[in-house]
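Read the structure below first, then the notes.
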Amino acid sequence: MSGSFTPKSDFLATVMARGFVHQCSDFEGLDAKAKAGELIAYIGFDCTASSLHVGSLLPIMMLRWLQKTGNKPIPLMGGGTTRVGDPSGKDESRQLLSIEKIDENKAGIKQVFAKFLNFGAGKTDAEMPDNAEWLTKLNYIEFLRDVGRHFSVNRMLSMDSVNMRLERDQELSFIEFNYMCLQAYDFVELNRRYGCIAQMGGSDQWGNIVTGIDLGRRMGTPQLYALTTPLLTTASGAKMGKTAAGAVWLNSDMLPVYDYWQFWRNAEDADTGRFLKLFTELPLDEIARLEALGGAEINEAKKILATEATAMVHGRAAAEQAAETARKTFEEGALSENLPTITISAAEMGEGLGILSAFVKAGLVASTGEARRQIKGGGLRVNDVAASDEKAVLTRDQLSAEGVIKLSLGRKKHVLLRPE
RNA sequence: GGGGGAGUGUCCCGAGUGGCAAAGGGGGCGGACUGUAAAUCCGCUGGCUAUGCCUUCGUAGGUUCGAGUCCUACCUCCCCCA
């Protein structure tokens with residue numbers, strides 16, 4: 001995509017070398033702005049959940065590098081657009097979130113950003129506006145007159161995303177069509193308010209971003225730029241960030257740090273180098289060395305990936321504790337007190353706790369039925385011994401010296417049961 | 001407004017033609033093999049106080065010993081014509 005272009009700015013040089021860049025509307029132009037430290041760029045995030053997940057990490061890292069290389073990042077909250085409901089996809093049951101819920105989500109999301117960006121009023125400090133600030137004040141007639149007249153339907157119809165839907169005879173709602181306009185308008189508004197000149201986003205956002213640039217030109221903003229990131233999938237083609245339990249959240253109250261660490265530790269071999277470049281800040285030569293490790297040695301690289309990536313979100317100390325917990329558990333087969341722990345009351349323990357309900361309480365299985373099936377399949381272990389009798393009862397005799405019983409599902413998921 | 005078609009196991013797609021806890025995929029989980037990887041093979045993939053009971057095929061009624069399947073009304077979506 002970049003052809004023979006060689007970036008002169010730290011920002012583009014870094015971000016291109018690390019594999020963040022898919023497409024740019026004008027490499028030279030953007031590079032010059034970044035070189036001068038005048039690049040103010042934004043990325044939009046929606047507020048449909050109270051945390052962001054790994055899927056959002058790529059754009060977040062972009063903003064972080066932007067700031068680290070002396071420019072100003074703006075994560076834009078889609079509080080306004082979220083109020084309309086996301087019309088993409090065929091999920092008709094999209095619920096409109098209440099304003100309170102949206103605010104709550106925004107607060108959770110801001111916690112995540114605070115770990116990656118410095119906020120404040122300085123030149124390179126991040127700011128986090130919400131498009132509700134201007135979108136909710138729009139007046140339909142005025143919007144049509146001042147902004148709407150600049151949109152060419154012909155042009156929008158020729159966009160890939162739209163065209164595809166038309167060809168397949170798929171529904172394309174009016175709201176969805178208007179999303180482009182609102183998003184384009186956000187870009188112009190951010191330029192007016194913050195002097196923002198670039199929008200970044202996933203490659204699927206290209207059309208929307210370019211529409212914003214176009215609108216800007218017609219409405220008299222300075223030249224605007226688009227920069228997109230590749231769509232991230234694992235080497236075997238799966239979407240990033242989905243696991244059994246659901247999304248891989250970035251807030252520790254939604255996903256324990258230990259589990260977050262495990263997510264990265266279990267990356268596919270072929271992804272290790274790419275992930276190190278995208279999700280850690282290790283120097284590239286170090287990454288090249290790790291990436292070159294063959295066979296089982298790649299595991300060392302994955303441990304580093306896990307710890308570094310975890311440290312970015314949860315802090316160095318928590319990351320290292322997770323690494324240590326994993327080391328004890330997997331390499332020594334020893335019991336680590338830092339595994340996820342469930343406390344049960346003395347009353348529940350009583351004379352003994354049925355093995356089925358113990359696993360349900362631990363959250364390892366969803367129902368006693370599933371526990372039964374897992375026992376049949378040899379998937380459950382108590383204190384590292386495979387369970388074979390579904391009528392077995394756990395008693396205090398099985399407590400370890402530390403006063404816990406270790407329950408495991410498969411080789412990787414462990415929970416400690418601690419009676420009071 | 002007129003005519004035609006569709007909604008299935010709460011992850012998704014999708015058979016289903018009165019005996020159905022409902023074919024087959026995908027995904028997921030577990031087992032084997034490995035290196036906490038991938039690929040491959042095998043098993044599982046409604047709930048429960050469990051040889052039985054309860055709940056599931058858009059919603060609500062009805063016919064029947066028995067309904068995902070037939071009838072009626074309603075809801076939602078799609079297509080064609082105006």
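Proteins get letters first, then strands, A, B, ... in listed order; numbering begins at 1 in each. In this text the structure is predicted, and so the values were computed from the model without any measurement.
- For the 3.5 Å distance criterion, the side chains of Q205(A) and Q183(A) qualify, holding a donor opposite an acceptor.
- R265(A) comes within 4.0 angstrom of a base, heavy atoms only.
- Under 4.0 angstrom from either OP1 or OP2 of rG30(B) there lies at least one side-chain N or O belonging to K413(A).
- Rounded to whole Å, the P atom of rA60(B) lies 15 Å from the corresponding atom of rA67(B).
- In this model, no donor atom of one side chain and acceptor atom of the other lie less than 3.5 Å apart for S252(A) and H314(A).
- Side-chain contact annotation: T310(A) with W264(A), donor-acceptor N/O pair under 3.5 Å absent.
- Remark: P of rG31(B) and CZ of R381(A) are 7 Å apart, rounded to the nearest angstrom.
- In this structure E142(A) satisfies the salt bridge (Lys or Arg N to Asp or Glu O under 4.0 Å) test with no other residue, sequence neighbours excluded.
- Here the separation of rU72(B) from rG3(B), taken at their P atoms, is 15 Å to the nearest Å.
- Taking the O4'-C1'-N9-C4 or O4'-C1'-N1-C2 dihedral as appropriate, rU45(B) has a value more than 90° from 0 and is therefore anti.
- Non-hydrogen atoms lying under 4.0 Å from RNA chain B are contributed by S367(A), T368(A), G369(A), R372(A), R373(A), Q374(A), G377(A), G378(A), all within residues 353-378 of chain A.
- Taking atom NZ of K412(A) as the reference point, atom P of rC29(B) lies 9 Å away to the nearest angstrom.
- Among the atoms of the strands shown, none is found under 4.0 Å from any heavy atom of E297(A).
- One P atom belongs to rC29(B), the other to rG61(B), and the distance between them is 39 Å to the nearest Å.
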Could you give the side-chain donor-acceptor pairs of residues 297-305 of chain A under 3.5 Å, partners two or more places apart or in another chain?
unit_1, atom_1, unit_2, atom_2, d
N299(A), OD1, R265(A), NH2, 2.4
N299(A), ND2, A296(A), O, 3.3
E300(A), OE2, K303(A), NZ, 3.1
K302(A), NZ, A267(A), O, 2.9
K302(A), NZ, D269(A), OD1, 2.7
K303(A), NZ, E331(A), OE2, 2.8

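- Atom P of rG62(B) sits at a distance of 15 Å from the matching atom of rU56(B), rounded to the whole Å.
- In rC20(B) the O4'-C1'-N dihedral to the base is within 90° of 0, which defines a syn nucleotide.
- Remark: the backbone N or O of F116(A) is paired with a side-chain donor or acceptor of R64(A) at under 3.5 angstrom.
- A gap of 28 Å separates the P atoms of rG16(B) and rG28(B), to the nearest Å.
- For rG5(B) and rC53(B), the C1' atoms lie 39 Å apart once the distance is rounded to whole Å.
- Across the strands present, rU56(B) finds no partner; the criterion is a Watson-Crick or G-U wobble pair with both atom distances under 3.5 angstrom.
- Residue contacts shown for I298(A) include a base, since a base heavy atom lies under 4.0 Å away.
- Of the candidate nucleotides rG35(B), rU36(B), rA32(B), rG35(B) has the atom nearest to the side chain of N299(A).
- Here the nucleotide nearest the side chain of L409(A), chosen from rG35(B), rG31(B), rC29(B), is rC29(B).
- Judged purely by distance below 3.5 Å, without hydrogens or angles, the side chains of W65(A) and D10(A) never pair a donor atom with an acceptor atom.
- With both ends at atom C1', the span from rC78(B) to rU34(B) equals 49 Å, rounded to whole Å.
- Contacts of A326(A) with the nucleic acid, taken as non-hydrogen atoms under 4.0 Å apart, include base atoms.
- Considering only side-chain atoms of A296(A), the nucleotide from rA32(B), rG35(B), rC29(B) that sits closest is rG35(B).
- Using C1' as the reference atom, rC70(B) and rU63(B) are 8 Å apart when rounded to the nearest Å.
- Checking rC29(B) for Watson-Crick or G-U wobble geometry (two distances, each under 3.5 Å) identifies rG43(B) as its partner.
- Summarising the base pairing, rU17(B) is matched to no nucleotide, lacking a Watson-Crick or G-U wobble pair whose two defining distances lie under 3.5 Å.
- Side chains of D125(A) and N118(A): no donor on one and acceptor on the other come within 3.5 Å.
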